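This report concerns only the one structure given below.
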Amino acid sequence: MNIDVFTLFPHWFEWFRGQRHVANALALGHALECVDPRATTPLGAGQVDDTPFGGGAGMVLRVDVMEAALRARYGDDPVAVRSRRRVIALTPGGRQLDDALASELAAEPGLTLLCGRYEGFDERIVERFCTDEVSIGRYVLAGGELAAMVVCDTVLRKLPGALGHADSALEESFSPALEGAPEYPHYTRPADWRGWTVPEILLSGHHEKIRLWRLEQSRRRAGGT
Ligand code: ADE
């Protein structure tokens, strides 16, 4: 998988690239690259945004600037690019990210993530250049960068080999293996700490009983039985 993040703050992602599962994914041949629209802006003095028509606070990312950046990256009209790759605008009002969407995105060969700043994007960027709008929750961030990192984090950890343990991403919170429910509780040594003991069943070595107990715990956390 190759992920391109269009951001005015590419250096923010240097830290992110060093996180273990991200570094693992990159070592396996996946790519996470940043593209700075300021580098290809057709406007003077590195301008990328402008005041909103109709008035109002804040600045809006310009459509001509994003077109230039996408063209420079893909050598094609961005309107055509979106027919061959998922181009995602990070917006507070987009489709809410969940485990199913993360799995869907992890199955793509390539993703383009567009980070808005200030008041966000000129709507024509979203309408004409993007296939999706994704939100990481119903609150407003100062920009799309943290949201892009959240998307990359959950998508990259689903790629085979990114996590140390092959099974870790299979049976985890909200996965189909747990019927979409939160994960069951975990315990480790010591088995008794200040009289706070670990559920007996987990020490029993009885794999099938443990599996059923975990499933029941998971269902209970989902508000079921
Ligand atoms: N940009 C600003 N707020 C956001 C959010 N909640 N999700 C995705 N992108 C955003």
Side-chain angles (χ1 to χ4, degrees), residues 1-17 19 21-22 25 31-41 46-70 73 78 81-82 85-108 110-159 172-174 180 182:
M1 139 147 338
N2 68 82
I3 304 180
D4 292 338
V5 182
F6 285 65
T7 169
L8 296 169
F9 301 93
H11 56 282
W12 287 21
F13 288 80
E14 283 162 25
W15 165 82
F16 181 68
R17 235 188 244 103
Q19 301 311 297
H21 64 291
V22 179
L32 172 65
E33 288 177 19
C34 290
V35 178
D36 185 353
R38 214 182 287 281
T40 50
T41 178
Q47 185 187 349
V48 291
D49 55 4
D50 226 320
T51 51
F53 283 132
M59 301 290 272
V60 177
L61 270 182
R62 288 176 53 134
V63 65
D64 49 351
V65 170
M66 285 312 291
E67 169 154 344
L70 287 158
R73 180 68 178 175
V81 170
R82 77 163 178 188
R85 105 188 240 125
R86 281 302 261 272
V87 181
I88 299 167
L90 281 318
T91 63
R95 174 176 167 193
Q96 280 212 60
L97 182 64
D98 59 12
D99 185 71
L101 178 55
S103 294
E104 191 184 310
L105 297 179
E108 294 283 336
L111 295 176
T112 298
L113 303 179
L114 306 186
C115 301
R117 272 273 131 186
Y118 323 116
E119 282 306 295
F121 303 99
D122 183 302
E123 192 58 24
R124 292 167 291 185
I125 295 169
V126 179
E127 275 179 5
R128 308 289 173 175
F129 302 158
C130 295
T131 54
D132 305 72
E133 268 185 88
V134 170
S135 167
I136 62 159
R138 293 295 184 249
Y139 43 81
V140 181
L141 302 166
E145 282 76 14
L146 291 175
M149 286 185 209
V150 168
V151 171
C152 290
D153 188 290
T154 189
V155 165
L156 290 173
R157 67 192 295 288
K158 284 183 180 285
L159 301 178
E172 64 179 5
S173 290
F174 320 117

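Whatever order the structure lists them in is the order used to number ligands and atoms, beginning at 1. The structure presented is a predicted model; accordingly, all values stated were derived computationally and were not measured.
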**Study point:** Pairs satisfying side chain to side chain donor-acceptor pair (under 3.5 Å), at least one member in residues 56-66, at least two apart
**Key:** D50-R62, R62-D64
Review point. Would you call V63 and F129 a side-chain contact if the rule is heavy atoms closer than 4.5 Å?
Key: yes
**Study point:** salt bridge (charged side-chain N to carboxylate O under 4.0 Å, His left out) against D36, all qualifying residues, sequence neighbours excluded
**Key:** none
Review point. Any side-chain heavy atom of L114 within less than 4.5 Å of one from I125?
Key: yes
Can you give each donor-acceptor pair under 3.5 Å made by side-chain atoms of residues 52-61, sequence neighbours left out, with the distance rounded to 0.1 Å?
none

Check your understanding: Can you name the residues that come within less than 4.0 Å of ligand 1, going by heavy atoms only?
Key -> L90, T91, P92, V134, S135, I136, G137, Y139, V140, L141, G143, A147
Review point. Between E123 and R128, is the closest basic N to carboxylate O distance under 4.0 Å?
Key: no
